[in-house]
Protein chains: 2
Amino acid sequence: MRDAAFCTSSCTMTRTMGVLGGKWKLIIISYLGQRRVRFGQLAQRLSLISRKVLTEQLKELEEDGIIRREAFAELPPRVDYSLTERGLALLPILDQLCAWHGPVAPVEEVRQTAGAGQVPA
Amino acid sequence: MRDAAFCTSSCTMTRTMGVLGGKWKLIIISYLGQRRVRFGQLAQRLSLISRKVLTEQLKELEEDGIIRREAFAELPPRVDYSLTERGLALLPILDQLCAWHGPVAPVEEVRQTAGAGQVPA
DNA sequence: GCCGTTAGTTACGCGAAGGTAACCAGTTTT
DNA sequence: AAAACTGGTTACCTTCGCGTAACTAACGGC
């Protein structure tokens, strides 16, 4: 997404889709949850997303102030991603979306058992 | 969307995106709101969507039980679209999404002033 | 000096999503 | 008899999202 026509529309829903639209954004946000996650970890867990697209989406999300990127001058390099306040504010809404779709609520589950071998995507 | 890999994912957010993902779905749902709208009216208002794609999306939304399609054997033909209960249940969530994105909340506005020349898309 | 590590970037190319425009049915209007 | 109206469908073509794979930087270990 990131379509100019979307972002300048007079309809808020359309503008919102300009920021959150696209296959991956909500999934990334929902996976991040309240945690700080390294890039490699994201890439492993969200294996349906190619590395290239993942970095693109992360960059856009960062530009939109939804996630925070922290790069450390370590060796080997390390980059942590986490939600900003703005991003965190989305979580309860996403939970409602998930609850709407399925009776089960595995987003919580994925977030909580995140080290246990779940395959979120 | 409607990607098989999405719909069978173990992550609810991903499965949810399988149904609601795509540029247009949430916009159509949000535009429908509580009203019954004729096809031509939808096509006019959501002018960013081509007729072809609009019919495709409407068909998918109907298959997923989110909207209801009522065709009348009138002349000229008439088809009304409206949200099912499942679809209506999404509205408060979408309103929250819009509220999250912009301080203004024009989805309500668009729904309420729907005859007054708004251009929702 | 070569490999491995992490976090990317770049070039290349496919396939699906989407736009355009023509066409259809069936009846009233002109 | 032709045009117009509604709600589509279809063929055709273009665009772009996305995947694959190779490559980079900068350092530690062998």
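A note on names: the letters A, B, ... follow the listed sequences, proteins ahead of strands, and every chain is numbered from 1.
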### Message
D:dT6, OP1 or OP2 - any side-chain N/O from B:Arg38 closer than 4.0 Å?
### Response
no

### Query
Looking at C:dG18, D:dG19, D:dT6, which one has an atom nearest to any side-chain atom of A:Trp24?
D:dG19

#### Entry: side-chain hydrogen bond (donor to acceptor under 3.5 Å, both in side chains) contacts touching residues 63-72 of chain A (sequence neighbours left out)
A:Arg2-A:Glu63, A:Arg2-A:Asp64, A:Arg36-A:Glu70, A:Arg69-A:Tyr81

#### Entry: A:Phe6/B:Trp24 under ring pair (Phe, Tyr, Trp, His ring centres under 6.0 Å): CA gap, chis, key distance, verdict
CA-CA 11 Å; A:Phe6 270 64; B:Trp24 306 113; 5.2 Å; yes

### Message
Applying the side-chain contact (heavy atoms from CB on, under 4.5 Å) criterion to B:Leu61, which one of B:Val19, B:Leu32, B:Ile66 satisfies it?
### Response
B:Ile66

### Query
Rounding to a whole Å, what distance do you find between B:Lys23:NZ and D:dT15:C1'?
10 Å

#### Entry: Minimum-distance pair of heavy atoms, taken over all atoms of A:Ile27 and A:Lys23
CD1-O, 3.5 Å

### Message
Distance check needed: C:dG18 P versus B:Leu54 CG, whole Å only.
### Response
12 Å

### Query
In chain order, what residues pass the side chain to side chain donor-acceptor pair (under 3.5 Å) check against B:Arg78, with sequence neighbours excluded?
B:Glu74, B:Asp80

### Query
Measuring from B:Glu56:CD to B:Ile49:CD1, what's the distance to the nearest 0.5 Å?
11.0 Å

### Task
For A:Pro92 and A:Leu88, work out which heavy atoms get closest and say how close.
CD-O, 3.4 Å

### Summary
When rounded to whole Å, the CD to P distance for the pair A:Glu60 and D:dC16 reads 14 Å

### Query
Please give, in whole Å, the distance from D:dG17 P to A:Gln57 CD?
10 Å

### Message
Angle between the two end axes of the helix from C:dG1-D:dC30 to C:dT30-D:dA1, five base pairs per end, rounded to 10 degrees?
### Response
30°

### Task
Return the value, rounded to whole Å, for the distance between atom CD of A:Glu74 and atom P of C:dA7.
10 Å

### Query
Can you give one letter per nucleotide of nucleotides 22-30 of chain D, 5' to 3': B if a protein heavy atom sits under 4.0 Å from the base, S if only from the sugar-phosphate, - if neither?
----BS---

### Query
Does A:Gln96 have any side-chain contact (heavy atoms from CB on, under 4.5 Å) partners at least two apart in sequence or in another chain, and if so, which?
B:Ile93, B:Gln96

### Query
Can you tell me how far P of C:dT6 sits from CG of A:Leu42, to the nearest Å?
14 Å

#### Entry: For atom CD of B:Glu62 and atom C1' of D:dG7, their distance in whole Å
14 Å

### Message
Looking at B:Thr14 and B:Ser9, would you say the former's side chain and the latter's main chain have a donor-acceptor pair under 3.5 Å?
### Response
no

### Summary
Heavy atoms of A:Leu91 and A:Ile29 approach each other most closely as CD2-O, 4.0 Å

### Message
Can you give me the closest heavy-atom contact between A:Thr16 and B:His101, atom names plus distance?
### Response
OG1-CB, 3.4 Å

Every protein N/O lying under 3.5 Å from an N/O of nucleotides 8-10 of chain C:
| from | atom 1 | to | atom 2 | distance (Å) |
| --- | --- | --- | --- | --- |
| C:dG8 | OP1 | A:Arg69 | NH2 | 2.4 |
| C:dG8 | OP2 | A:Tyr81 | OH | 3.0 |
| C:dT9 | OP1 | A:Lys59 | NZ | 3.0 |
| C:dT9 | OP2 | A:Lys59 | NZ | 3.4 |

### Interatomic distance, B:Gln44 CD vs D:dC5 P [rounded to whole Å]
12 Å

